[in-house]
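Predicted, not measured: the structure shown is a model, and the values here were computed from it. Letters A, B, ... are given to chains in the order of the sequence lines, protein chains preceding strands, and every chain is numbered from 1.
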Number of protein chains: 2
Amino acid sequence: MKKRELINKLAETGLRVTPQRLLVYEIILKHNNHPTAEEIMAYVKKKFPNIAIGTIYKIIDSLIEKKLITRVKTDKDIMRYEAVLSHHHHLYCSKSDIVIDYFNQDIDKIVTDYFNKNKIPDFEIEDIKLQIIGCFKK
Amino acid sequence: MKKRELINKLAETGLRVTPQRLLVYEIILKHNNHPTAEEIMAYVKKKFPNIAIGTIYKIIDSLIEKKLITRVKTDKDIMRYEAVLSHHHHLYCSKSDIVIDYFNQDIDKIVTDYFNKNKIPDFEIEDIKLQIIGCFKK
DNA sequence: GTGTCTGCAAATTGTTTGCATTTTC
DNA sequence: GAAAATGCAAACAATTTGCAGACAC
C-alpha cells in the first residue's frame, strides 16, 4: 500500500493525519509480527526520539476506535495489534508468544456453512476466528 | 463434582490441599463466568477475610502449572480463568467483556477432519479453538 | 483560530516478588 | 521437622490520565 493511500485512509476516518499517527499505522500495517505497544514505540523512536509511550497508546486507541486496527489476544498478558486486512486466523506457537497470520478461505467457508445451517440459540454470530495452537517444525 | 473428588484431584497433582487453594479451585470450577483474579478474591474473602491478592495469584499459578485450570484472554486487558473440563470453544460478546463456553463436537470433528487432510506446512497442530464473536439476542 | 494531538509526568491497574509466619504432609 | 503455602507489603509492568504547549485543518 502506498503512503498516499494510508494518508487517505486516515483522513477518511476524520482523524488528523499527524506524522506520528501515520507512522504507527504504517508500522502495524507492514509489520507482520503483531507488534506490542513497546515494539511500536521502539520503531517510532527512531524517527521521533521524543515520542512518549502515552502517545503511542493514545494513537493505538484512536486507530482501534476507527477500526483501522484490532487487538490480538495471546495467552500472555500483553496486547498485540494488527491492521485488519482480510479475514484470517492465527497460528499460536505453544512454546513462544509468537502469533502468525493464517489465511484459508476453504476452512472459512466450511465453518460459515456449518453455522448457517446450525444456528447457536439466542446468539447472533458476527465473526468466527480459529486459534490454531501448536508448534513449528524446524 | 463432590468436594471429596476435588480434594483428590488436588492431592494427585502433588499440590498441598489447603483450604484456600481448595476454595479457589472450587470457585473456578463452579463459576461458569470465567472469573477474574479480583472476582475470585471477592469470593474467597467471604470465608477467609485475610486472604491476600498475592496469594490468589500464587494459587492460580500453581493450578495452571498443574493444568487444572487455564487462562482465557478477553478484549479487555484482564485475565480470566476456567477449569478445563472437556474441549470447548468460546462465545465472545462484542458488546461486553462476557465469555461463554460453547461445546460442539460436530464442529470439532469437521475442523479436525479438515486439518487431518490438509496439513499446514511446517506446523504441528496441537489444538484448535473457535473464537465466536457476536452478541446475544434478548 | 479552533479543536485535536503530542509530550511529559504522575496516577492507576493488574500482577509479581520477597520474606517472616503458619500449615500440610 | 522439612518443605510448601499463606499473608503482607513493597516492587513491577502495562496502560491510562491530565494538562500545557504544538500542530493540523
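- Between Ile53(B) and Gln20(B), it is Gln20(B) whose nearest contact on DNA chain D lies nearer the 5' terminus.
- Salt bridge status for Glu12(B) with Lys66(B): absent, with no side-chain N to carboxylate O gap under 4.0 Å.
- Two residues are said to be in side-chain contact when any heavy atoms from C-beta on lie closer than 4.5 Å; Thr55(A) and Phe48(A) fail this criterion.
- Among the protein residues, Thr55(B) comes within range of the nucleic acid bases, having at least one heavy atom under 4.0 Å from a base atom.
- The base of dA5(D) is not paired with the side chain of Arg21(B) by any donor and acceptor separated by under 3.5 Å.
- Within 4.0 Å of Pro49(B), counting heavy atoms only, lies no atom of the nucleic acid at all.
- The Thr18(A) side chain lies nearest to dT6(C) when the options are dT6(C), dT16(D), dT24(C).
- A salt bridge links Lys109(A) to Asp113(A): at least one charged side-chain nitrogen sits closer than 4.0 Å to a carboxylate oxygen.
- Contact of Lys58(A) with dG18(D) (side chain to base): a donor-acceptor pair of N or O atoms is detected under 3.5 Å.
- Toward the 5′ end of DNA chain D lies the nearest nucleotide of Ser62(B), the other residue of the pair Ser62(B) and Asp61(A) mapping further downstream.
- The CG atom of Asn104(B) sits 9.0 Å away from the CG atom of Leu130(B) when rounded to the nearest 0.5 Å.
- With DNA chain C read from its 5' end, the first of the two nearest nucleotides for Arg16(B) and Glu38(B) is the one closest to Glu38(B).
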